[in-house]
Student: 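My questions will all concern the structure given below.
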Amino acid sequence: MSLELTPVQAVACCAPLAREPLSLPEAEGIAPLLKALADPVRLRLMSMVASHEGGQACVCDLNDAFELSQPTISHHLKILHEVGLLEREKRGVWVYYRARTEALQNLAALIGGPAA
């Protein structure tokens with residue numbers, strides 16, 4: 001069993017940036033999450049899934065917003081899932097994605113949290 005934290009767990013453990021500096025291990029743990037969101041396609045996908053009616057979306061709901069193939073969209077969604085920003089559930093031939101709101105709230109607290 002690994003004791004290494006996922007990016008989402010790492011961000012949940014940190015005090016807001018304005019309160020105290022991140023340690024190197026904390027920064028290294030959080031960087032993959034920020035890197036995943038730094039891509040414009042993934043940032044848009046995250047926004048589209050989080051704001052989609054019912055709070056979930058499948059690739060079929062997202063394809064038309066991009067001039068990208070369905071496998072490319074799926075790849076970007078997989079990256080967001082791997083860092084812990086999206087949950088996914090397979091239903092028949094489609095995979096439905098839901099934003100992990102606690103992960104987004106923890107990220108918002110880290111970046112925009114008040115200084116103590």
Side-chain angles (χ1 to χ4, degrees):
M1 180 170 91
S2 172
L3 296 177
E4 201 169 299
L5 297 176
T6 67
V8 169
Q9 292 168 326
V11 78
C13 294
C14 295
L17 296 178
R19 188 177 314 151
E20 64 185 61
L22 293 173
S23 69
L24 179 58
E26 289 170 333
E28 288 173 340
I30 295 165
L33 190 147
L34 295 173
K35 184 178 178 184
L37 287 174
D39 181 279
V41 170
R42 290 193 289 268
L43 186 56
R44 285 188 63 214
L45 283 168
M46 191 72 217
S47 171
M48 292 171 72
V49 171
S51 65
H52 199 269
E53 185 178 331
Q56 60 184 351
C58 74
V59 176
C60 62
D61 297 323
L62 306 169
N63 275 344
D64 292 343
F66 298 90
E67 292 184 13
L68 299 169
S69 68
Q70 182 272 323
T72 300
I73 299 294
S74 293
H75 171 75
H76 285 295
L77 290 166
K78 178 184 174 191
I79 291 170
L80 291 168
H81 174 261
E82 287 175 345
V83 297
L85 291 170
L86 292 177
E87 295 175 343
R88 66 181 178 190
E89 175 187 349
K90 187 160 174 68
R91 296 185 206 155
V93 298
W94 296 109
V95 177
Y96 284 78
Y97 294 88
R98 176 183 304 277
R100 293 191 60 211
T101 54
E102 72 280 1
L104 295 174
Q105 291 166 346
N106 289 339
L107 184 59
L110 173 74
I111 294 171

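Computed from a prediction, not measured in an experiment: that's the story for all the values here. Below, all heavy atoms of this structure are taken into account, side chains as well, without hydrogens, waters or symmetry copies.
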Student: Counting distance only, does the side-chain N/O of Arg100 pair as donor-acceptor with the main-chain N or O of Glu87 below 3.5 Å?
Tutor: no
Student: I would like to know whether Leu77 and Arg42 meet side-chain contact (heavy atoms from CB on, under 4.5 Å); could you show each step before the answer?
Tutor: CA-CA 7 Å; Leu77 290 166; Arg42 290 193 289 268; over 6 Å; no
Student: Do Ile79 and Ile30 sit in the same hydrophobic cluster, where Ile, Leu, Val, Met, Phe, Trp and Tyr count as joined when their side-chain heavy atoms come under 4.5 Å apart?
Tutor: no
Student: Using side-chain heavy atoms (C-beta onward) and a distance below 4.5 Å, is Met48 in contact with Phe66?
Tutor: yes
Student: Any salt bridge (Lys or Arg N to Asp or Glu O under 4.0 Å) involving residues 68-85? Give me the pairs, sequence neighbours left out, ordered by first then second residue.
Tutor: Lys78-Glu82
Student: Distance only, no hydrogens: is a donor on one side chain within 3.5 Å (strictly under) of an acceptor on the other, for Gln105 and Thr101?
Tutor: no
Student: Quick one: do Gln70 and Asn63 satisfy side-chain contact (heavy atoms from CB on, under 4.5 Å)? Show the steps, please.
Tutor: CA-CA 6 Å; Gln70 182 272 323; Asn63 275 344; 3.6 Å; yes
Student: Quick one: side chains of residues 49-62, donor-acceptor pairs under 3.5 Å with protein atoms, not counting sequence neighbours, listed by atom name and distance.
Tutor:
{"residue": "Ser51", "atom": "OG", "partner": "Ser47", "partner atom": "O", "Å": "2.8"}
{"residue": "His52", "atom": "ND1", "partner": "Gln56", "partner atom": "O", "Å": "2.9"}
{"residue": "Gln56", "atom": "OE1", "partner": "Arg91", "partner atom": "NH2", "Å": "2.8"}
{"residue": "Gln56", "atom": "OE1", "partner": "Arg98", "partner atom": "NH2", "Å": "3.2"}
{"residue": "Asp61", "atom": "OD2", "partner": "Cys58", "partner atom": "N", "Å": "3.0"}

Student: Which distance, rounded to the nearest 0.5 Å, do you find between the NZ of Lys35 and the CG of Leu33?
Tutor: 12.5 Å
Student: Output yes when a side-chain donor or acceptor of Thr72 lies under 3.5 Å from a complementary backbone atom of Leu68, and no otherwise.
Tutor: no
Student: Are the side chains of Leu34 and Leu107 in touch, meaning some heavy atoms are under 4.5 Å apart?
Tutor: yes
Student: Do the numbers put Arg88 on top of the ring of Tyr96, so that NZ or CZ is under 6.0 Å from the six-membered ring centre and no more than 45° off the axis?
Tutor: no
Student: Decide side-chain contact (heavy atoms from CB on, under 4.5 Å) for Asp39 and Leu43; before the verdict, give the C-alpha distance in whole Å, the side-chain angles of both, and the deciding distance to 0.1 Å.
Tutor: CA-CA 6 Å; Asp39 181 279; Leu43 186 56; over 6 Å; no
